[in-house]
Amino acid sequence: MNIQARLTQCQQRIDAYLAEMILPQGIEPRLQEAMRYSLFNGGKRIRPALIYLVNQMLAGLDEQADVAAAAIECIHSYSLVHDDLPAMDDDDLRRGKPSCHIAFDEATAILAGDALQCLAFELLSNTELLSPEIQLKLIRTLSEAAGYRGMVAGQAFDLSHVGQAISLDELEAMHQHKTGALLKAAVLMGAQCSGKASSAQLQALNQYATAIGLAFQVQDDILDIEGSAEQIGKPAGSDEARHKPTYPALLGLNDAKALLASLHQQALEALADLPNSEALAELANFIVARDH
Ligand code: GRG
C-alpha cells in the first residue's frame, strides 16, 4: 500500500472515531458546531497517522491507538484555532476556508479551542481501552508537548519576537517547540499505547521524530515560497510579506532545501534498525515532498 492510501485509511479511521466522540447530546449547539468545523476542515491528520503507523509497527494496530490519535488531533486543532485569532497570527483563512473566528466569532473560537484542548485529556483519562499506567504516560507526554515546555513555549517565543531578527539556533528551537514537540509526542504516544517499545526502539523513534519534526517545518517554509495559494490554503508568500523568520529567509532557498534533504536522510537512518518501518520511511518521504 502506498503512503497516500495509508494516509487516507488513517484519515477515515480517525474521522469516524472523532465524529463519534464529539456527538454527545446536550452540548451548546454553536460551540459544538465550531468544534466540529475546526476538527473536520480537511486536515491531513499527520499526527494521528504517526500514532497509527508506530503502533502498527510495534503491536499491529489496535483500538487503543484511536484514543491517543483522537486526543492529539484535538490538541492540534485547538492550536490552529487559537493561532489564527487576531491576538495571535491573525489569519482569516485556514485550509482555504474561513478560520474559526471568521466563520463564527472570536469568543466562540476561543471557547472551541479551549473545549478541544480539554476534550483531548478527557478522551485519554476517560476510557476503558487503556490501562491506567498507559493512560498516565499518554497524558504526561501530551501535556508536556502541548504546554509551556512545548508548543505553547514555541508560540510564546514566536509572538514575542515578531519583527525581530533571530538566529538559526533560535529558529530551530522555536520550531522544535512549536511544531516538533507535538509531532514527537505522536511518535512516542504510538509507542506508549502499544506498551511494547524497548528503550532502543524508543531512542530510534525519538531521533526519527526530531528529524521529521524539523523537516515538516522547513518544507512548510519552502511551500510558502514555492506553493500556490490553492495548495497551501492561504496566500503564498505570506511569511515574507510579514517578515517572518523562516529557513529560506535565514539560509536562502537552496540551503533550506539542502537542510531538508539532510533531515530526510537523518529520519531514514534512524529507522535502519527498526523492523517493519517501511511505512514510517514513506511518511518521512511524504513530509519532505508534501505540497500542502
Ligand atoms: C496557539 C498555543 C498555540 C500554538 C499554536 C502549531 C502552532 C502553534 C501554530 C501553527 C502555525 C503554523 C501554521 C505552523 C506551520 C506548521 C504547521 C503546524 C502547520 C499545520 O499543521 P498541518 O500541516 O495541518 O499538519 P493540517 O491542516 O494538515 O491539520
Side-chain angles (χ1 to χ4, degrees), residues 4 7-8 10-11 14-15 18 37-51 69-70 72-97 99-101 106 109-114 116-117 120 142-162 171-172 174-187 209 212-225 227 231-236 238-239 242 244-248 260 283 286-292:
Q4 201 49 64
L7 283 176
T8 303
C10 292
Q11 279 159 3
I14 192 61
D15 284 0
L18 282 168
Y37 181 82
S38 309
L39 265 179
F40 300 99
N41 194 11
K44 294 182 290 299
R45 310 300 199 199
I46 296 265
R47 294 151 194 82
L50 276 168
I51 290 185
I72 205 161
E73 193 64 11
C74 286
I75 292 286
H76 170 61
S77 200
Y78 123 72
S79 79
L80 298 182
V81 171
H82 280 195
D83 185 59
D84 290 337
L85 287 166
M88 297 222 190
D89 227 29
D90 195 9
D91 273 314
D92 289 357
L93 282 179
R94 167 69 52 192
R95 302 165 179 149
K97 299 182 197 126
S99 306
C100 187
H101 67 279
E106 270 183 55
I110 292 170
L111 291 172
D114 291 342
L116 285 166
Q117 180 171 194
L142 189 56
S143 55
E144 284 182 4
Y148 71 96
R149 274 176 288 187
M151 183 176 72
V152 170
Q155 182 78 344
F157 181 91
D158 191 357
L159 292 173
S160 64
H161 287 78
V162 171
L171 184 69
E172 180 174 331
M174 180 177 88
H175 289 312
Q176 288 291 14
H177 287 92
K178 196 173 136 178
T179 321
L182 215 53
L183 290 164
K184 215 171 188 175
V187 170
I212 60 161
L214 202 53
F216 186 89
Q217 187 61 52
V218 178
Q219 177 63 359
D220 209 68
D221 289 353
I222 293 172
L223 270 177
D224 190 71
I225 296 173
Q231 284 170 327
I232 60 180
K234 58 175 185 166
S238 61
D239 289 346
R242 292 175 176 198
K244 281 199 155 192
T246 62
Y247 283 95
L260 182 66
L283 190 64
F286 171 84
I287 282 175
V288 300
R290 72 193 173 94
D291 63 6
H292 67 292

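Every number for a ligand or one of its atoms is a count from 1 in the order of the listing.
Looking at R95 and L80, their side chains come closer than 4.5 Å, going by heavy atoms from C-beta outward. In this structure, the side chains of K178 and F157 stay at 4.5 Å or more apart for every pair of heavy atoms. Put simply, the side chain of I75 does not reach to within 4.5 Å of the side chain of R47, judged on heavy atoms. Side-chain contact check for L116 versus H76: every heavy-atom pair is 4.5 Å or farther apart.
Salt bridge status for R45 with D15: present, with a side-chain N to carboxylate O gap under 4.0 Å.
Every atom of ligand 1 with a heavy atom of V152 under 4.0 Å away is listed here by number and element: 2 (C). Annotation for ligand 1: atoms under 4.0 Å from non-hydrogen atoms of G43 are 26 (P), 27 (O), 28 (O), 29 (O). Every atom of ligand 1 with a heavy atom of Y78 under 4.0 Å away is listed here by number and element: 2 (C).
Within the 4.0 Å heavy-atom criterion, the part of Q155 lying near ligand 1 is the side chain and not the backbone.
Considering backbone and side-chain N/O of S79, none are found under 3.5 Å from N/O of ligand 1.
Looking at R95, K178, H82, it is K178 that brings a heavy atom closest to atom 7 (C) of ligand 1. Counting only non-hydrogen atoms, the option in R47, R45, H175, K44 that gets closest to atom 21 (O) of ligand 1 is R47.
By the 6.0 Å contact criterion, CZ on F40 is enclosed, its count of non-hydrogen atoms from other residues, nucleotides or ligands being greater than 12.
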